[in-house]
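Remarks on the structure that follows.
In the text below, chain A, chain B and the rest are named by the order of the sequence lines, each starting its count at 1.
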Amino acid sequence: MPEIDNIAAPERRSDDEPVRYNPAEIEPRWQSRWDADPALYRAEDHAGGKPKFFCVEMLPYPSGALHIGHVRNYTIGDALARFMRMRGFNVLHPMGWDAFGLPAENAALKNGRAPKEWTLSNIAAMKVQMRRIGLSYDWHGTEVASCLPEYYRWNQWFFLRMLEKDLAYRRSSKVNWCNLCATVLANEQVVGGCCWRHEDTPVEQRELEQWFFRITKYADELLDGLDTMPGWPDKVRTMQRNWIGRSYGTEVTFAVADDTALKGTGFSPSVTPPGKEGALAPEGQPSITVFTTRVDTIFGATSIQLAPEHALVKEWAKTDAALAADVDKMVAEQAAAKQTGDFGTIEKHGVSTGKHAINPFTGETLPIWVANYILADYGTGAIMSVPAHDERDYEFATKYGLPIKRVIAPATSGGANDDSGDLALPYIAEDEAVLINSGEWTGEAALEAQEKMGLFAEHKGFGKRTKTFRLKDWGVSRQRYWGTPIPVVYCQNGHEGVPPKGVVPVPDAQLPVLLPDNVAITAENGSPLGRVPEFVNATCPVCGGPARRETDTMDTFVDSSWYFYRYTDAHNNTAPFSSEKANYWFPIDQYIGGVEHAILHLIYSRYWTKVMRDIGLIKNDEPATRLFTQGMVIKDGAKMSKSKGNVVSPDEMIGKFGADATRTYALFAAPPDRDLDWQEDGVAGVSRFLARVYRLTMKYAPVVKAVEHAKGDEIAPSAFAGQTPAGAKLLRTLHQTIAKISEDFSGRWHFNTSIAAVMILVNEIASSEGAMDSGEIAPATIAELFRSLTLLLAPFAPFLTAELWEQMGHTSSINHAAWPVADATLAKDDEIEIPVQVNGKLANVIKVAADADEETIKATALADEKVQQRLADKTIVKTIYVKGKLVNMVVK
RNA sequence: GCCGGGAUGGUGAAAUCGGCAGACACAGCGGACUUAAAAUCCGCAGUUGCGAAAGCGACGUGGGGGUUCAAGUCCCCCUCCCGGCACCA
């Protein structure tokens, strides 16, 4: 190919007209070209032969401005999406807006702006920012905004399906109330006793009628499914496991003793009337059911403890003023402690009810107490207290002088009847521990006894083996305006549609129930919708009579529970999405977002996926195969906040250094899973690096163009004979870099080292400028270098690389240009460096041929002068050789 | 208290499987270019001792112990920081 070799290197441009990297000129120019092409990032129809890749980043709340943390999150996803496109995948990369929620109402209160107008203008502003950053979203095909009726009508549609399946229900319950939000919060939205949005505002407990979703129906599946999700971080899975909190145990029913009868027979608390063992309470007599995970310790129970809000306590308090007063105090104390978040540390105390219960296993009579450490909403709100084998019960029993009875001993101790008591109490029994003092069960291993005693209680009818979850049903009612109206009415003629009683669902055909505009937002409690007569006054769909419309709206986590399904079919107006499309794209191949949603959005959306599967919409069990949680962006070692004045503005960064530098820095400064300390000087450094790439590539772009033109625009083949050493060295580095980055993308995602590798390559190219100009390095090599360099940087710096790609004479977009392939032969070093140690200390580094055998390497090492100095007067005991890595001589 | 994650130069970090600790950058210092500055380029750079220098040596990955020819990496104990959960029976 003489004509190629004869292409002259371009003249060095004179110093007075340098080619300057100017992102402020390049980036807007490309941005408007991209904006003008609605199909640029459109995924192909699923009929195509390419493998699919569905890449989703968690959608933002449209607050009005992107946070630098968003930039990091979206840049990670965008780099991956761009890489996968170049690897030939059919990539769906969408974006949307989590657009309902309280800040819009606060803005209305503060500035008098309508929530809708405020939200939509924020969306517009943030979309401009996202476009400036060069994020490759298919806006036209996929954009979703949850505040639009086209979206939220499907929330309503799902709500109706949930009603039909008895997954949505209404009941009165104690709820978390945030005064600043002026609404109810779900358990998941209470963080350390405070509101998740108002970190310093304690959550109050209020009794309210609420809509709930029966997420507990799926508790087992949500928990067990975690074991089948290796692509999710352990951290998130562990958090979800703890949140769901399944405990296997036994419910045991204790009959409440008839005190009047006992008094007549000379009652003694530990003596049971004969024949009363295992007795259930007679008709009309109350009983108490406790939940325990350690039924094997039941012979050690010495009292029953009830939560202050237990139904029986309320009953007894009616006729016992002193008890009522004590209990009220306890309820108030529990509520206060929950607010301040130190529920776990308040001192245990309680009060005796004077009543007694009968242990069905032993027939013993146990005193019934009310205790402040018993939760009303976990298990049955009642426990059997076993002070010998439970720390909390021990503490309580010691305080009040209740008996402590040992019924379990370690398996290694003196045997079944060893209750010598030399072991510290409380003794928390292990599985192998052995029962003592437990009647016919004495001698059984604890774990087996749990099983057998549970079965026994079941058989005798005073208990059952069961499991309890920490997870509660999801309260979705919000007393707010800016959310999805719940699509039911209450018929004033008493018509009933579906249960619950009195509720008439709005028929599908009447959806959406539109959120009215022009609603006065005030700070008063109660939903603003309740003050809009045109909204509240409705017609019963069953009888046509007057009806009152539900004024609660849905929790915004409903919106985000299924938004990514809508991406696959965003313009569908007859269904939430087409099953065919969803089944092609789902599950999401890579989901990326902050870990703060580990037990909010990420558990709700798993639940929603299972519900949608069970109503036949989709086939997948889980929404996403892989989840990545990126680290926070911090500044000067601290979380960014307006009050600290250390907030980094993405616009300012882009204005100063350009989007490419901002993006590249966000990936370069730290591995994506770690926290990143934002340093503006670092962005400046990356910007200098991109400027160097620009200057060099612009200089040699004509060479690339000429070479590729001569070859008919084929990809330059790498291996050609007669390569000079300088050229071979550059090609080696190039192919090592290609291999490294390709690997980083498919595994570790340590883009910081990917970018460092490109920097090394560029440094080497820059120092070979003389050799390239003199012709020592062939034009074909130069062409391959710059062509590949541009492709390698394309996922990180899309504007710069698009510009350079065009400057090299390419007319087709770089977005779908093929990712370079590493040539292992070219990447291979022909000479390697081997460190030589003497007694583990570095003596020297020797250079040997890459294919040198062990003998040669050892001989070379031994012959080395510096090594010899270390070996003087010593005897070599052993020589360790690690192939291609090191030689270590052990000497005496 | 329990469960995760982390601690490496002045700073962000690298070392992917036990094999040259500090790649790549930032900040710094010295130099070139310039009337000057900016920009750019070249060089130095873990700490410390000896030396005029080339160089030679010691120490060094939060602390202490261990395994190994060899430890940032594996094991045991401890400290501190971040995140989550926390009287869940």
* Using the C1' atom as the reference point in each nucleotide, state the distance between A25(B) and A37(B) in Å, no decimals. => 25 Å

* Asked: Which whole number of Å gives the distance between the P atom of A38(B) and that of C33(B)?
  -> 15 Å

Protein-nucleotides 53-58 of chain B N/O pairs under 3.5 Å:
residue: A58(B); atom: OP1; partner: Lys841(A); partner atom: NZ; Å: 3.4

* Base-pairing mate for G57(B) - Watson-Crick or G-U, with both contacts under 3.5 Å -> U48(B)

* To do: Whole angstrom is fine here: how far is it from CG in Asp296(A) over to P in A89(B)?
  => 14 Å

* Look at all strands and tell whether Glu743(A) reaches a base, only sugar-phosphate, or nothing, counting heavy atoms closer than 4.0 Å. => base

* Asked: In whole angstroms, how far is the P atom of G83(B) from the CD1 atom of Ile599(A)?
  -> 15 Å

With 3.5 Å as the limit, what N/O pairs link the protein to nucleotides 6-11 of chain B?
residue: U11(B); atom: O2'; partner: Gln679(A); partner atom: NE2; Å: 2.8

* With no angle test and no hydrogens, is the base of C69(B) tied to the side chain of Lys878(A) by a donor-acceptor pair under 3.5 Å? -> no

* Asked: When you check the phosphate oxygens OP1 and OP2 of C17(B), does a side-chain N or O of Arg748(A) lie under 4.0 Å from one of them?
  -> no

* In whole Å, what separates the P atom of C76(B) from that of G18(B)? -> 16 Å

* Asked: What about the rings of Trp369(A) and Phe396(A), do their centers lie closer together than 6.0 Å?
  -> yes

* Asked: Just checking, is any N or O donor in the side chain of Thr289(A) or Glu251(A) under 3.5 Å from an acceptor N or O on the other one?
  -> no

* Contact state string [nucleotides 18-25 of chain B, B base, S sugar-phosphate only, - no protein heavy atom under 4.0 Å] -> -BB--BBS

* Asked: Please walk me through it: do Phe557(A) and Trp474(A) pass ring-ring contact (aromatic ring centres under 6.0 Å, His included)?
  -> CA-CA 10 Å; Phe557(A) 279 101; Trp474(A) 173 13; 7.6 Å; no

* Asked: Tell me: CD1 of Ile68(A) to P of G12(B), nearest whole Å?
  -> 19 Å

* **Separation between the C1' atoms of A21(B) and G60(B), rounded to whole Å** => 9 Å

* Looking at side-chain heavy atoms only, is the closest gap between Met384(A) and Thr297(A) below 4.5 Å? -> yes

* Check the pair Tyr21(A) / Ile26(A) against side-chain contact (heavy atoms from CB on, under 4.5 Å), numbers first and verdict last. => CA-CA 8 Å; Tyr21(A) 172 52; Ile26(A) 295 172; 4.1 Å; yes

* Asked: Does OP1 or OP2 of A89(B) have a side-chain N or O of Tyr378(A) closer than 4.0 Å?
  -> yes

* **Within-4.5 Å side-chain heavy-atom neighbours: Tyr394(A) and Ile404(A)** => yes

* Please give, in whole Å, the distance from C2(B) C1' to Lys235(A) NZ? -> 15 Å

* Asked: For the pair made of CH2 in Trp369(A) and P in C87(B), what is the distance, rounded to whole Å?
  -> 22 Å

* P atom, A45(B) versus G22(B): distance in rounded Å? -> 12 Å

* Structure fact -> Arg246(A) CZ to C85(B) P, in whole Å, measures 21 Å

* Structure fact -> Base orientation of C77(B), chi within 90° of 0 counted as syn, else anti, reads anti

* Write down the partner of C29(B) under the Watson-Crick or G-U wobble criteria, each distance required to be under 3.5 Å. => G43(B)

* Asked: How about Phe745(A) and Phe751(A): are their ring centres within less than 6.0 Å of each other?
  -> yes

* Asked: Can you check the Asn242(A) CG to G1(B) P distance for me, whole Å?
  -> 18 Å

* Once you apply the 3.5 Å cut-off to both distances, tell me the Watson-Crick or G-U wobble partner of A14(B), or none. => none

* Using purine N1 to pyrimidine N3 plus N6-O4 or O6-N4 for Watson-Crick, or N1-O2 and O6-N3 for G-U wobble, each under 3.5 Å, what pairs with U73(B)? -> none

* To do: Taking the side chain as every heavy atom from C-beta outward, state whether Lys472(A) and Ile215(A) have any pair of such atoms under 4.5 Å apart.
  => no

* Asked: With a 3.5 Å cut-off and no angle check, do the side chains of Lys235(A) and Thr629(A) form a donor-acceptor pair?
  -> no

* Can you find a side chain N or O atom of Arg470(A) that sits less than 4.0 Å from OP1 or OP2 on A89(B)? -> no

* Structure fact -> Checking N1-N3 plus N6-O4 or O6-N4 for Watson-Crick, or N1-O2 and O6-N3 for wobble, each under 3.5 Å, the partner of A37(B) is none

* To do: Examine Arg626(A) relative to Trp232(A) and say whether NZ or CZ is less than 6.0 Å from the centre of the six-membered ring and inside a 45° cone about the ring axis.
  => no

* Member of Ile741(A), Leu761(A), Asp829(A) meeting the side chain to side chain contact (heavy atoms under 4.5 Å, CB included) criterion with Gln736(A) -> Asp829(A)

* Nucleotide paired to G4(B) in any strand shown, Watson-Crick or G-U, under 3.5 Å -> C82(B)

* To do: Write down the distance between CE (Met239(A)) and P (G83(B)), rounded to a whole number of angstrom.
  => 12 Å

* Asked: How far, in whole Å, is C75(B) from G5(B) if one measures between their P atoms?
  -> 12 Å

* Describe the nucleic acid contact of Ser247(A) in one word from base, sugar-phosphate, nothing, applying a heavy-atom distance below 4.0 Å. => sugar-phosphate

* Asked: With syn defined as a glycosidic torsion within 90 degrees of 0 and anti otherwise, which applies to G6(B)?
  -> anti

* To do: Consider the side chain of Ala669(A), meaning its heavy atoms from C-beta on, and name the nucleotide among G12(B), A86(B), C69(B) that approaches it most closely.
  => G12(B)

* 5′-ward residue of the pair Thr238(A)/Leu676(A) relative to RNA chain B -> Thr238(A)

* Asked: More than 12 non-hydrogen atoms from neighbouring residues, nucleotides or ligands closer than 6.0 Å to CD on Glu854(A), yes or no?
  -> yes

* **Salt bridge flag under 4.0 Å for residues Glu743(A) and Arg748(A)** => no

* Structure fact -> Re G9(B): Watson-Crick or G-U wobble partner, both distances kept under 3.5 Å, found to be none

* Asked: Can you tell me how far C1' in U67(B) sits from the matching atom in C56(B), rounded to whole Å?
  -> 33 Å

* Asked: Just checking Asp673(A): base, sugar-phosphate only, or nothing, at a heavy-atom cut-off of under 4.0 Å?
  -> nothing

* For Asp660(A) and Tyr665(A), does a side-chain donor sit closer than 3.5 Å to a side-chain acceptor? -> no

* Could you measure between the two C1' atoms, the one in G57(B) and the one in G51(B), and give it in whole Å? => 11 Å

* Does the separation of the ring centres of Phe361(A) and Phe462(A) fall below 6.0 angstrom? -> yes

